Amino acid sequence: MTLEETDDQDNIRLQKVLARLGFGSRRTCENMISAGRVKVNGAIAELGRRVDLTKDAVEVDNIAVSIEPDLVYYLVNKPAGTLVSAHDPEGRPLLIDILPASPRVFSVGRLDYATEGLIIFTNDGKLAHALTHPSSGVEKEYLAQTYHDPSNLALRQLREGVEIEPGVITLPAKVGHLSPCLVKITICEGRNRQVRRMFEEAGYPVKRLVRTRIGPITDTALSPGHWRFLSVEEVRLLSYASSNSPKRAKL
Ligand code: URA
């Protein structure tokens, strides 16, 4: 934070607050303020307005913005060959190293070293717990490329449930055969290496696996190795999804 942005610890320019919360770039947020879409304590905010995060009530389009200045939510597109872990004795690349060092965040769930795609990092333990709890049932969507084109029987097994370890049968999944050797699979559990193990059990090991959606969160414009803040609306939707998902993919 620079002197231009803050007079003291408590008063921060509104556009910076909104940008931090994921409403867009600083310029976009300035435009929102100029357009009269932002209110502070019930009054339309002027550009240049500073807010005290502990006292002022901020609304965008008449919807209250919950300001938790200490909480951050990053959406990351994990490239293959990176580790979702805080340390690695083998010195492999850590995904967390592409994120700001402060505040310290942790991943919401995991992706394997070879798996690519969307993963959330946050310091919001409550939301992370809600999303990863076995009862949350939040959908996770993957694109799985296989070495051989899966048979209809294999696709049915994936859809209906596969015994991935003795006594553990996966819940029904949504499975779409997009093209030869390319399957979209949506699961609502988060067992270790679940998708790879499901395909292995069905007889069609996965060559490449990419997570393309976490509940309501998707982003086809985010390149591998890049991250962005989740918007307030996305955090709200995630929180809603974690408490309202049926415990199976919608078939
Ligand atoms: N399923 C897998 O097999 N690997 C992942 O990384 C995520 C889901």
Side-chain angles (χ1 to χ4, degrees), residues 74-88 90 92-99 105-122 128-129 131-148 150 154-155 157-166 168-178 181-220 222-227 238 241-242 245 247-250:
Y74 304 125
L75 180 66
V76 183
N77 188 346
K78 176 188 179 297
T82 54
L83 206 62
V84 181
S85 173
H87 311 279
D88 183 36
E90 294 174 36
R92 289 172 293 181
L94 303 179
L95 187 58
I96 203 162
D97 285 346
I98 71 167
L99 295 173
V105 289
F106 44 85
S107 67
V108 178
R110 303 239 159 181
L111 289 177
D112 302 330
Y113 188 66
T115 301
E116 305 159 54
L118 300 180
I119 182 161
I120 292 167
F121 283 75
T122 183
H129 182 258
L131 285 169
T132 51
H133 194 273
S135 69
S136 91
V138 170
E139 288 188 350
K140 270 85 63 179
E141 179 188 281
Y142 298 85
L143 286 180
Q145 189 185 1
T146 50
Y147 291 94
H148 303 286
L155 294 170
Q157 287 174 336
L158 291 168
R159 215 170 263 135
E160 292 178 354
V162 184
E163 187 164 9
I164 52 172
E165 59 190 79
V168 176
I169 298 173
T170 57
L171 288 173
K174 193 157 62 175
V175 174
H177 195 186
L178 300 186
C181 299
L182 190 62
V183 174
K184 180 160 86 173
I185 179 162
T186 307
I187 61 172
C188 51
E189 302 166 279
R191 297 182 186 279
N192 187 33
R193 296 186 65 255
Q194 177 160 340
V195 175
R196 290 177 192 276
R197 288 197 289 162
M198 288 172 75
F199 277 80
E200 275 157 27
E201 279 308 315
Y204 292 87
V206 165
K207 185 177 174 188
R208 186 174 172 208
L209 187 62
V210 183
R211 182 152 70 186
T212 49
R213 183 168 63 82
I214 304 164
I217 308 301
T218 185
D219 191 335
T220 51
L222 190 65
S223 312
H226 287 74
W227 63 272
L238 261 181
S242 67
S245 292
K247 184 75 173 98
R248 58 175 57 208
K250 288 178 204 101

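This one's a predicted model, so the numbers in the text were calculated from it and none came from an experiment. Just so you know, ligand 1 is whichever comes first in the structure, and atom 1 is the first atom listed for that ligand. Just so it is clear, the values below take in all heavy atoms, side chains as well, and ignore hydrogens, waters and symmetry mates. Count residues from 1 along the sequence.
- Among all protein heavy atoms, the one lying closest to atom 1 (N) of ligand 1 is Val195 N, 3.1 Å.
- Proximity of Val206 to ligand 1, defined as any heavy-atom pair under 4.0 Å, is not found for any part of the residue.
- With a 4.5 Å cut-off on side-chain heavy atoms, Glu201 and Glu163 do not count as touching.
- Remark: ligand 1 and Arg193 share an N or O pair separated by less than 3.5 Å (distance only, no angle test).
- No side-chain heavy atom of Thr122 sits under 4.5 Å from any side-chain heavy atom of Tyr74.
- Looking at Arg191 and Thr170, their side chains never bring a donor and an acceptor atom within 3.5 Å of each other.
- Residue contacts with ligand 1, taken as heavy atom pairs separated by less than 4.0 Å, involve Thr115 solely via side-chain atoms from C-beta onward.
- Nearest protein neighbour of atom 6 (O) of ligand 1, counting heavy atoms only, is Asp112 N, 2.7 Å.
- For ligand 1, none of its N or O atoms has an N or O atom of Tyr142 under 3.5 Å away.
- In this structure, Arg159 contributes its side chain and Val175 its backbone to a donor-acceptor pair below 3.5 Å.
- Of all the atoms in ligand 1, the ones that sit under 4.0 Å from a non-hydrogen atom of Leu111 are 6 (O), 7 (C).
- Of all atoms in ligand 1, numbered sequentially from 1 with element shown, those under 4.0 Å from a heavy atom of Arg196 are 2 (C), 3 (O).
- Taking 4.5 Å as the limit, some side-chain heavy atom of Glu200 sits within range of a side-chain heavy atom of Arg193.
- Contact annotation: the side chain of Asn77 never approaches that of Asp219 to less than 4.5 Å [non-hydrogen atoms, C-beta and beyond].
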